[in-house]
Amino acid sequence: MIIANPLKKNICIPLQTFTPSPSTAAAPLVEKAPSTDVISSERQDHDFVTQLFGDHGDISKEVDQVLTIRLPMPPDVLHAQPHTLESNAFIYKSTAFLSFPVVVSKPQQELQEKKGLSCASADFQASVTRLIELAEEQTGCSALVVAIDKQDQPDVNAILRAYMYLGFQMVHPSIYHQNQNYILLGYEL
């Protein structure tokens, strides 16, 4: 059997270089994201920790502070104006626990009138990415857990799939013994 070497020809493709026009050279391509607010406060009655774990148990006894995280988001398909996503959080040992982000309005009067809408799909990936970065850079935690209230979210299955697409895994209820109304999703940092 004869194995022939294919005939190789050198192909030369001329490349052209383009100089940017003055209008595109001055405009920055990437906008810097607005800063994220992290507000620390003492625990209160019926806070996020109590809702998630109740008044009894190790986690509820060891957590002293809760955090409110506000993520400013730019306008998108669903929101013509810039808006804010808010999430409650606390740190237990080396794990940051977060509530599912909700869309809130800036004026205090509107915050009191509306409970908040669920995180919009257009904001989802950007907000989760920013929350992961925040947990990695500022908390020193090794894991991030997002708590989703099954009663507040009409389409829990879609939310679970979206988080799992981004690398989260469901946390078995026997690990943290959370309230049965919540589903926990974990992410190793």
Side-chain angles (χ1 to χ4, degrees), residues 33-73 83-120 123-124 126-154 156 159-160 162-164 166-189:
S35 66
T36 301
D37 294 330
V38 178
I39 303 162
S40 177
S41 62
E42 296 295 318
R43 291 210 37 212
Q44 299 175 356
D45 293 339
H46 305 294
D47 60 6
F48 178 53
V49 182
T50 306
Q51 291 173 8
L52 193 56
F53 298 109
D55 288 328
H56 310 293
D58 294 339
I59 295 176
S60 186
K61 291 176 185 174
E62 290 185 33
V63 175
D64 296 330
Q65 291 188 336
V66 292
L67 306 169
T68 301
I69 301 170
R70 293 194 178 118
L71 298 171
M73 300 301 289
H83 53 285
T84 303
L85 295 177
E86 186 174 283
S87 180
N88 294 317
F90 65 91
I91 297 173
Y92 173 70
K93 295 189 179 179
S94 63
T95 302
F97 288 83
L98 296 165
S99 66
F100 184 71
V102 293
V103 177
V104 294
S105 302
K106 286 186 180 179
Q108 203 57 263
Q109 185 178 26
E110 289 183 34
L111 275 174
Q112 293 170 355
E113 292 173 4
K114 295 180 180 179
K115 187 174 181 180
L117 304 171
S118 64
C119 181
D123 293 332
F124 181 76
S127 66
V128 171
T129 303
R130 286 178 60 190
L131 288 170
I132 290 170
E133 289 172 355
L134 180 70
E136 285 178 334
E137 295 170 2
Q138 294 186 5
T139 65
C141 291
S142 62
L144 174 68
V145 174
V146 176
I148 299 170
D149 188 349
K150 294 187 276 189
Q151 296 174 343
D152 283 351
Q153 300 302 326
V156 175
I159 294 169
L160 293 176
Y163 272 104
M164 290 174 143
L166 294 175
F168 283 78
Q169 296 178 352
M170 289 185 68
V171 178
H172 196 273
S174 65
I175 295 175
Y176 292 112
H177 306 286
Q178 77 270 13
N179 180 337
Q180 63 185 356
N181 293 333
Y182 286 89
I183 297 173
L184 299 182
L185 294 162
Y187 186 89
E188 289 187 28
L189 301 175

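A distance-only check finds a donor-acceptor pair linking the side chain of Lys150 to the backbone of Gln180 [under 3.5 Å]. With hydrogens and angles ignored, the 3.5 Å screen pairs no side-chain donor or acceptor of Asn179 with any backbone N or O of Tyr182.
Using modelled atom types, one finds no donor on one side chain facing an acceptor on the other under 3.5 Å when comparing Arg70 with Ser87.
Other residues, nucleotides and ligands contribute at most 12 non-hydrogen atoms within 6.0 Å of the NZ atom of Lys93. No more than 12 heavy atoms of other residues, nucleotides or ligands sit less than 6.0 Å from atom CD of Gln169.
We find the CG-OH distance between Asp58 and Tyr176 to be 12.5 Å, quoted to the nearest 0.5 Å. For the atom pair NE2 (His177) and CG (Leu52), the distance works out to 12.5 Å, reported to the nearest 0.5 Å.
Between Phe48 and the choices Leu67, Asn88, Leu98, the side chain to side chain contact (heavy atoms under 4.5 Å, CB included) rule is met once, by Asn88.
The shortest non-hydrogen separation linking Pro101 to Leu131 is CG-CD1, 3.8 Å. Gln65 and Ser40 get closest at one heavy-atom pair: OE1-OG, 3.1 Å. Closest approach of Ile91 to Cys141, counting heavy atoms only: CG2-SG, 3.8 Å. The minimum heavy-atom distance between Ala147 and Leu184, with the atom names listed, is CB-CD2, 3.6 Å. Shown here for Phe168 and Leu185, the closest heavy-atom pair between the two residues is CD2-O, 3.7 Å.
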Go through Phe53 and Phe97 one step at a time and tell me if the ring pair (Phe, Tyr, Trp, His ring centres under 6.0 Å) criterion holds. CA-CA 11 Å; Phe53 298 109; Phe97 288 83; 5.7 Å; yes
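Side-chain contact between Gln51 and Asn181: absent, with no pair of heavy atoms (C-beta onward) separated by less than 4.5 Å. Contact annotation: the side chain of Phe90 never approaches that of Asp64 to less than 4.5 Å [non-hydrogen atoms, C-beta and beyond].
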